[in-house]
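Every heavy atom of this structure was used, including side-chain atoms; hydrogens, water molecules and symmetry mates were not. A, B, ... follow the sequence lines: proteins, then strands. Residue 1 opens every chain. The structure displayed is predicted, hence computed values, not measured ones.
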Amino acid sequence: MTVAPRLLGAVIEHQTEDGIVGVRLTEVEAYHGELDPASHAFRGRTKRNAVMFGEPGFVYVYFTYGMHYCMNLVCERAGIASALLLRAGEVVEGAELADERRRGAPHRELARGPARLAVTLGIGRDDNGRDACDPASPLRVRAGSPVAPGAVKSGPRVGVAAAVDVPWRFWIDGDPTVSPYRKHVPKRRPANPAPDRAAGAQGFSS
DNA sequence: CTTCCGATATACT
DNA sequence: GTATATCGGAAGG
């Protein structure tokens, strides 16, 4: 977790046949392996989270809500399934390609949020398990511009249902590309028709 | 800015 | 069957 603030300011680059996009990280969240009820690794290894249990510096991509990809970097030694969710950043390379991928969203919104960041970088299933510390990798992390001393803030993670108060979200204070904080909202159950009226009153009983 | 809502793969009970 | 580390659009201030 101590690496989380150090990742801010670093640049993620993804090279594809369409070109290269680079994003300077402004917001990340730490997930503490099997000790953290909000972590995908909390209940042990699955097909999805297998990369989290491997070597640090590798990319863990997961698919969620039936439509979004999110990208993490594994950050502890093999066996300790901790990872950093890349939540937001500023596009610093390949703005034109990023614009196409994000359908002309305003520049500061291109990678403002983990699923948006993945779209902007062109991240998909195939990127799961890549080595981001290999400079020859098409998906890699490199040193970026330094973050001003004292500019890193921390607070509760966005949208998580468990461990809601643990301050494991880190961001660059005042940066416009940092995503807005949002509390977890439980899905509303579809309201069941009131049993005393629904059928009888409208004549659908039988 | 805010709230509400639906889309829907994967993991879990 | 239910829940979710999300987003975009619509509507309201």
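A:L86 places its CG atom 12 Å from the C1' atom of C:dA5, with the value rounded to the nearest Å. Rounded to whole angstrom, the span from the NE2 atom of A:H184 across to the C1' atom of C:dT2 amounts to 12 Å. Rounded to an integer number of Å, the gap from CG of A:L73 to P of C:dA5 is 19 Å. Atom CG in A:L84 sits roughly 13 Å away from atom C1' in C:dA5 (whole-Å rounding). Rounding to whole angstrom units, CZ of residue A:R103 and P of C:dC7 are separated by 17 Å. Atom OH of A:Y181 is separated from atom C1' of B:dT2 by 16 Å (rounded to the nearest Å). Atom-to-atom, CG of A:L85 to C1' of C:dT4 comes out at 13 Å; the value is rounded to the nearest Å. The interatomic distance linking A:F63 (CZ) with B:dA7 (C1') rounds to 10 Å, in whole Å.
Here A:Y65 does not count as stacked on B:dT8, because the ring centres are not under 5.5 angstrom apart with planes under 30°. Stacking of A:Y31 onto the six-membered ring of C:dA5 is present: less than 5.5 angstrom between centres, less than 30° between planes.
Between A:R169 and A:S154, the side chains place no donor N or O within less than 3.5 Å of an acceptor N or O (distance only, hydrogens not considered). At a cut-off of 3.5 Å, with distance as the only test, no side-chain donor of A:E34 or A:S39 sits close to an acceptor on the other residue. Defined by atom type and a distance below 3.5 Å, a donor-acceptor pair is missing between the side-chain atoms of A:T177 and A:R112.
Using N1 to N3 plus N6-O4 or O6-N4 for Watson-Crick, or N1-O2 and O6-N3 for G-U wobble, each under 3.5 Å, C:dA5 pairs with nothing. Look at B:dT8: it lacks any Watson-Crick or wobble partner with both distances under 3.5 angstrom.
Panel note: side chain A:R116, backbone A:L110; no donor-acceptor pair is recorded below 3.5 Å. No donor-acceptor distance shorter than 3.5 angstrom exists from the side chain of A:D173 to the backbone of A:V152, with no hydrogens or angles considered.
Distances shorter than 4.0 Å separate some side-chain N or O of A:R116 from OP1 or OP2 on C:dG8. Phosphate proximity of B:dA11 to A:H40: absent, as no side-chain N or O sits under 4.0 Å from OP1 or OP2. The phosphate of C:dC7 has neither OP1 nor OP2 within less than 4.0 Å of any side-chain N or O from A:R102. Look at A:R182 and you'll find a side-chain N or O under 4.0 angstrom from OP1 or OP2 of C:dT6. Between A:R87 and C:dT6, a side-chain N or O to OP1/OP2 separation shorter than 4.0 Å is present.
A heavy atom closer than 4.0 Å to some atom of DNA chain B occurs in A:T46, A:R48, these being the qualifying members of residues 45-54 of chain A.
Comparing B:dT8, C:dT4, B:dA9 by their nearest atom to the side chain of A:M67 picks out B:dT8. Closest to the side chain of A:H68, out of C:dT6, B:dC12, C:dA5, is C:dT6. With distances taken from any side-chain atom of A:V158 to the nucleotides C:dT6, C:dA5, B:dC1, the minimum falls on C:dT6.
A:A38 comes within contact range of at least one nucleobase, with a heavy-atom separation under 4.0 Å.
Nearer the 5' end of DNA chain C, as judged by each residue's closest nucleotide, is the contact made by A:T64, out of A:E109 and A:T64.
Checked for salt-bridge contact, A:R142 and A:E93 meet the test: a charged N lies under 4.0 Å from a carboxylate O.
Taking the six-membered ring for Trp and thresholds of 30 and 60 degrees, A:Y69 and A:F63 have ring planes inclined between 30 and 60 degrees apart.
Separating the P atom of B:dT13 from that of C:dA5 is a span of 14 Å, rounded to the nearest Å.
A distance below 6.0 Å separates the ring centres of A:H40 and A:Y62.
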